[in-house]
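Data first, discussion second: the structure below is written as structure tokens.
The chains referred to below are lettered A, B, ... by the order of the sequence lines, with proteins before strands, and numbering in each begins at 1. This one's a predicted model, so the numbers in the text were calculated from it and none came from an experiment. All values below come from the heavy atoms of this structure, side chains included, with hydrogens, waters and symmetry mates left out.
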Amino acid sequence: MLWNAQEIDLFLKEKAYIDTVVIPLLPVSISDGTRQEAEQAEFISLLTAMLERQFKGRMLLIPAFTYMTSRDHRAKIEELKSWCDELSAQGFAHTVCITSDTSWKGHEEELDANIIWMPSIPLHHMDDKYKRKIVDDQVNQLIKIIVQKWQSA
Amino acid sequence: MSNQRVSRRQFLNYTLTGVGGFMAAGMLMPMVRFAIDPVLKAEAGGDFITTGTAEDEITDVPTRVDFTFEQVDAWYTSEVTQTAWVYKDGSGKIVALSPTCKHLGCTVNWEGNPDEPEHFFCPCHNGLYEKSGKNVPGTPPTAPLDMFEARVSDDGILQLGPVVPNTIVK
Ligand code: FES
């Protein structure tokens, strides 16, 4: 389900069936990294939107967890952890964070969540057909990871 | 050259009638449009989109066909990609099923579960559909898969139209 009024109504009604929540993790800064971060945001948003389309009936895509790149790493982790704790307290069996930010690598155990790291691909120079193919491939990978997660639960 | 000379008066008459005609049409058209608008709308909604699949590529095995078109909503024009599961039924008629699960809207896959051959499978809550799109009782979906209107263009390319309720499930 998407984070909009119409779909949230359905979500509230069918909550029992929606056991997975997806959080995009997006860094923001105005610095040398800005360009890359914008690219990441574009890519991750596209990816999560397509993932949601596949699994609309079982996952809720919530607004991204955004943070200033310069933010202290510990504070960031604590903050995300409180999101994850809250969500699992609300009954979500699976919390999936999707990001291109390498700084999250190796922190999964601290969070009660899966962090899936996808290398960001600069899409804006590609022609449409190629772009679609690349994104499709990435989405298929994500689909596999998530189905596996569901099956092993 | 014709011998029938057009006099100045005739010329003016013709031109003014012509211009007047356009003006009248300009005024009348919106009114006519307004009156028959529902008719025009139905036609606009009935647009078919040409896919990249030729008719002779379609077999009796449901195959994924992606097609893209531009969608305009209140604020954005966006490229939308949709998917259909396309095959030919016993009599050679093209069937194009919508992949949207009738339970809560996940995307279903043909033989998506190896344990359920010859079925569409929904990975979200194990929904099952027969090849015709008929939902298998006892699984969450309560209605058959919708279908796209399908036709073949003059040069043999599959074209897909609006989504309609399933007509082949009895
Ligand atoms: S959304 Fe397909 S079975 Fe629930």
Side-chain angles (χ1 to χ4, degrees), chain A residues 1-2 4-22 42 45-47 49-61 92-94 96 123-124 126-137 139-140 142-153, chain B residues 49-53 63-71 73-85 97-116 120-129 135-136 138-146 148 163:
Chain A
M1 310 274 153
L2 294 170
N4 64 40
Q6 190 193 347
E7 300 211 352
I8 285 302
D9 279 345
L10 186 60
F11 164 71
L12 293 172
K13 215 171 95 209
E14 304 286 356
K15 224 170 159 186
Y17 286 103
I18 297 134
D19 66 352
T20 304
V21 57
V22 174
E42 198 181 336
S45 309
L46 184 63
L47 218 58
M50 290 184 68
L51 183 70
E52 187 277 342
R53 241 181 86 173
Q54 291 288 317
F55 293 139
K56 185 177 278 303
R58 192 168 170 181
M59 72 171 40
L60 178 65
L61 173 58
F92 286 103
H94 309 281
V96 181
L123 293 173
H124 55 283
M126 285 177 203
D127 75 89
D128 276 359
K129 218 174 132 196
Y130 192 56
K131 200 192 291 189
R132 190 155 303 130
K133 164 109 190 37
I134 298 238
V135 175
D136 270 350
D137 287 350
V139 173
N140 283 335
L142 272 177
I143 289 175
K144 272 195 209 121
I145 298 175
I146 291 192
V147 168
Q148 246 173 38
K149 223 176 117 56
W150 283 344
Q151 279 165 352
S152 64
Chain B
I49 289 133
T50 305
T51 66
T53 303
T63 312
R64 205 183 131 157
V65 171
D66 291 327
F67 58 106
T68 306
F69 56 96
E70 289 212 325
Q71 193 177 61
D73 72 12
W75 290 279
Y76 305 107
T77 302
S78 48
E79 274 220 325
V80 182
T81 300
Q82 284 209 343
T83 301
W85 287 103
L97 291 175
S98 154
T100 306
C101 182
K102 295 296 274 187
H103 179 221
L104 293 176
C106 291
T107 302
V108 304
N109 286 302
W110 177 246
E111 306 202 319
N113 180 351
D115 298 336
E116 299 285 355
F120 290 100
F121 176 69
C122 177
C124 286
H125 317 100
N126 301 331
L128 271 184
Y129 301 86
N135 52 304
V136 174
T139 67
T142 51
L145 291 173
D146 290 333
F148 293 96
V163 174

A:Arg53 CZ to B:Thr100 OG1 distance, which is reported to the nearest 0.5 Å = 7.5 Å

In this structure, are over 12 heavy atoms from other groups packed under 6.0 Å from B:Phe69 atom CZ?
-> yes

A:Lys56 to B:Gly105 - nearest heavy-atom pair and separation | CB-O, 3.5 Å

Minimum heavy-atom separation for B:Cys106 to A:Gly57, with atom names?
-> SG-N, 3.0 Å

Just checking heavy atoms, which of residues 5-15 of chain A are less than 4.5 Å from chain B?
-> A:Leu10, A:Glu14

Pairwise distance SG(B:Cys124) to CE(A:Met59) - rounded to 0.5 angstrom | 7.5 Å

Any donor-acceptor pair under 3.5 Å linking the side chain of B:His125 with the backbone of A:Tyr17?
-> yes

Side chain from CB out, backbone as N, CA, C, O: work out which of these in B:Thr68 comes under 4.5 Å of a heavy atom of chain A, or both, or neither.
-> side chain

Taking C-beta and beyond as the side chain, do B:Leu104 and A:Met1 meet within less than 4.5 Å on heavy atoms?
-> yes

